[in-house]
Participant: 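Sharing a structure here in structure tokens format.
Each chain gets a letter, A, B and so on, in the order the sequences are listed, and its residues count up from 1.
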Number of protein chains: 2
Amino acid sequence: MTTTPDGKEVIFEQPCPIRDVLDRIGNQWSLLILEALAPGTLRFNALMREIGDISKQMLSRTLKQLEQDGFITRTLYPEVPPRVEYTLTPLGHSFLEPMQQLVDWADTHHHAIVAARARYQAENDQA
Amino acid sequence: MTTTPDGKEVIFEQPCPIRDVLDRIGNQWSLLILEALAPGTLRFNALMREIGDISKQMLSRTLKQLEQDGFITRTLYPEVPPRVEYTLTPLGHSFLEPMQQLVDWADTHHHAIVAARARYQAENDQA
DNA sequence: TGACATGGTCACGTCAATGTGACCACTGAA
DNA sequence: TTCAGTGGTCACATTGACGTGACCATGTCA
């Protein structure tokens with residue numbers, strides 16, 4: 001992402017698709033939001049309560065990115081007070097499938113990673 | 001990661017395994033290095049040439065992290081000039097399997113993401 | 001004598017990601 | 001009248017990721 005001389009934002013296609021995806025999903029909140037939306041539609045403040053320790057700012061920004069990339073849709077009901085609903089798109093749902101494999105792998109092998117770190121540290125402490 | 005009063009580094013287990021994994025793999029170089037090592041063992045400078053635009057600094061740092069987490073092993077042969085070989089561990093290999101699913105998903109759906117961005121931008125340009 | 005290759009480390013600067021708190025427009029309830 | 005809730009935005013500070021270039025010890029080759 002960069003800007004043209006007139007100040008508009010231009011989003012360039014990354015050369016490598018997986019980099020593109022990891023850049024979005026690798027951040028602190030995207031995955032949490034997608035998984036919170038997996039069971040169904042939620043409103044802004046409901047998402048905040050669901051996730052717990054996210055600020056309005058970060059929730060708003062991250063939702064905008066996810067909407068931009070087509071993972072979720074944002075629906076504004078012009079009532080008073082306004083109601084805004086966020087829902088996973090089919091693209092968003094389809095993404096969660098391979099992602100779930102990775103989550104499962106992480107759950108399964110997390111102990112091995114922690115053990116490796118402990119071993120590494122033990123080896124380098126004696127020095 | 002934080003430090004104890006005596007200055008030693010302590011690596012805490014993340015509460016959420018997938019966060020832990022994404023924090024490591026989400027960075028710019030880890031995945032590239034793992035995939036470069038997938039076919040077999042490589043030496044430091046061979047890795048640099050393979051990846052192309054990585055600096056010594058970042059390669060060294062990232063390799064150290066990956067070794068720490070048990071994804072790769074580092075073998076030093078005390079010859080002159082020294083020879084250092086990096087190899088995927090079974091853990092590293094097993095990680096690449098679910099990761100490959102995600103890479104495939106990214107390849108398949110990348111066009112949809114790019115299209116969604118274009119659509120989003122078009123909708124917000126008229127405003 | 002000096003250049004070169006190996007596998008790094010160190011000091012430093014930059015930039016994007018993230019967090020904090022204030023503010024906003026609207027309206028129904030107390 | 002004032003307070004709370006809804007769904008945000010804005011300005012600011014901090015932190016960590018990342019990049020650049022210098023430097024190092026060793027030995028071999030020219």
Participant: Select base, sugar-phosphate, or nothing to describe what R43(B) touches, counting heavy atoms under 4.0 Å on all strands.
Facilitator: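 Result for R43(B) = sugar-phosphate.
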Participant: Take the protein atom CZ of R19(A) and the nucleotide atom P of dC18(D), then report the distance between them rounded to whole Å.
Facilitator: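 In whole Å, dC18(D) P and R19(A) CZ are 8 Å from each other.
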Participant: Whole angstrom is fine here: how far is it from CG in L59(B) over to C1' in dT6(C)?
Facilitator: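 Atom-to-atom, L59(B) to dT6(C), this comes out as 13 Å.
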Participant: Tell me which nucleotide among dG19(D), dG8(C), dG19(C) gets nearest to the side chain of F44(B).
Facilitator: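 In terms of side-chain proximity for F44(B), the closest of dG19(D), dG8(C), dG19(C) is dG8(C).
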Participant: Could you please name the option among dG7(D), dT6(D), dC18(D) that lies closest to any side-chain atom of R74(A)?
Facilitator: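 Nucleotide nearest to R74(A)'s side chain: dG7(D).
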Participant: I need the OH-C1' distance between Y77(A) and dG8(D), as an integer number of Å.
Facilitator: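 Distance, rounded to whole Å: 18 Å.
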Participant: Do the rings of F95(B) and W105(A) sit parallel, tilted or perpendicular, given the 30° and 60° boundaries?
Facilitator: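 Ring orientation, 0 to 90° scale: perpendicular.
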Participant: Expressed as a whole number of angstroms, how long is the span from Q57(A):CD to dA22(C):P?
Facilitator: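 Q57(A) atom CD is separated from dA22(C) atom P by 14 Å.
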Participant: Which residue lies toward the 5' end of DNA chain C, K56(A) or K56(B), if each is placed at its nearest nucleotide?
Facilitator: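 Taking each residue's closest nucleotide, the earlier one in sequence belongs to K56(B).
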Participant: To the nearest Å, how far apart are W29(B) CH2 and dC18(D) P?
Facilitator: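 Rounded to whole Å, this separation is 9 Å.
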Participant: Would you mind reading off the distance between I33(A) atom CD1 and dT18(C) atom P, rounded to a whole angstrom?
Facilitator: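 Interatomic distance, CD1 of I33(A) to P of dT18(C): 11 Å.
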Participant: Taking atom CD of Q68(B) and atom CZ of R24(B), what is their separation to the nearest 0.5 Å?
Facilitator: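 It is 6.0 Å, given to the nearest 0.5 Å.
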Participant: For R83(A), answer base if it contacts any base atom (sugar-phosphate contacts may also be present), sugar-phosphate if it contacts only those atoms, and nothing otherwise; contact means non-hydrogen atoms under 4.0 Å.
Facilitator: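 Sugar-phosphate: the residue R83(A), judged by heavy atoms under 4.0 Å, touches backbone atoms but no base.
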Participant: Ignoring backbone atoms, test whether S60(A) places a side-chain nitrogen or oxygen under 4.0 Å from the OP1 or OP2 oxygen of dT9(D).
Facilitator: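 Yes, such a contact exists.
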Participant: Please determine, for the side chain of N45(B), which listed nucleotide (dT9(D), dG8(C), dG7(C)) has the closest atom?
Facilitator: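 Nucleotide nearest to N45(B)'s side chain: dG7(C).
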Participant: Name the nucleic acid region contacted by R49(B), choosing base, sugar-phosphate or nothing; use a 4.0 angstrom heavy-atom cut-off, strictly under.
Facilitator: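 The answer is nothing, as R49(B) stays clear of every strand by at least 4.0 Å.
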Participant: Take atom CG of D23(A) and atom C1' of dC18(D), then tell me their distance rounded to the nearest Å.
Facilitator: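 For the pair D23(A) CG and dC18(D) C1', the rounded distance is 13 Å.
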Participant: Give the nucleotide from the list dT6(C), dG7(D), dT27(C) with an atom nearest to the side chain of V80(A).
Facilitator: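 Closest of the options to the side chain of V80(A): dT27(C).
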Participant: Take atom CG of N124(B) and atom P of dT9(D), then tell me their distance rounded to the nearest Å.
Facilitator: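 It is 11 Å, rounded to the nearest whole Å.
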Participant: So does D20(A) pair up with R117(B), basic N to acidic O under 4.0 Å?
Facilitator: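 Looking at D20(A) and R117(B), the cut-off is met.
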Participant: Got a second to check how far I72(B)'s CD1 is from Y86(B)'s OH, nearest 0.5 Å?
Facilitator: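 Taking CD1 in I72(B) and OH in Y86(B), the distance rounds to 6.5 Å.
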Participant: For the side chain of P82(B), starting at C-beta, report the closest nucleotide among dA11(D), dG7(C), dG7(D).
Facilitator: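 Closest nucleotide among those given: dG7(C).
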Participant: Does Q28(B) reach a base, just sugar-phosphate, or nothing at all? Heavy atoms under 4.0 Å.
Facilitator: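 Sugar-phosphate, no base atom in range.
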Participant: Once rounded to the nearest 0.5 Å, what's the spacing between atom CZ of R49(B) and atom CZ of F44(B)?
Facilitator: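 So the gap between those two atoms works out to 11.0 Å.
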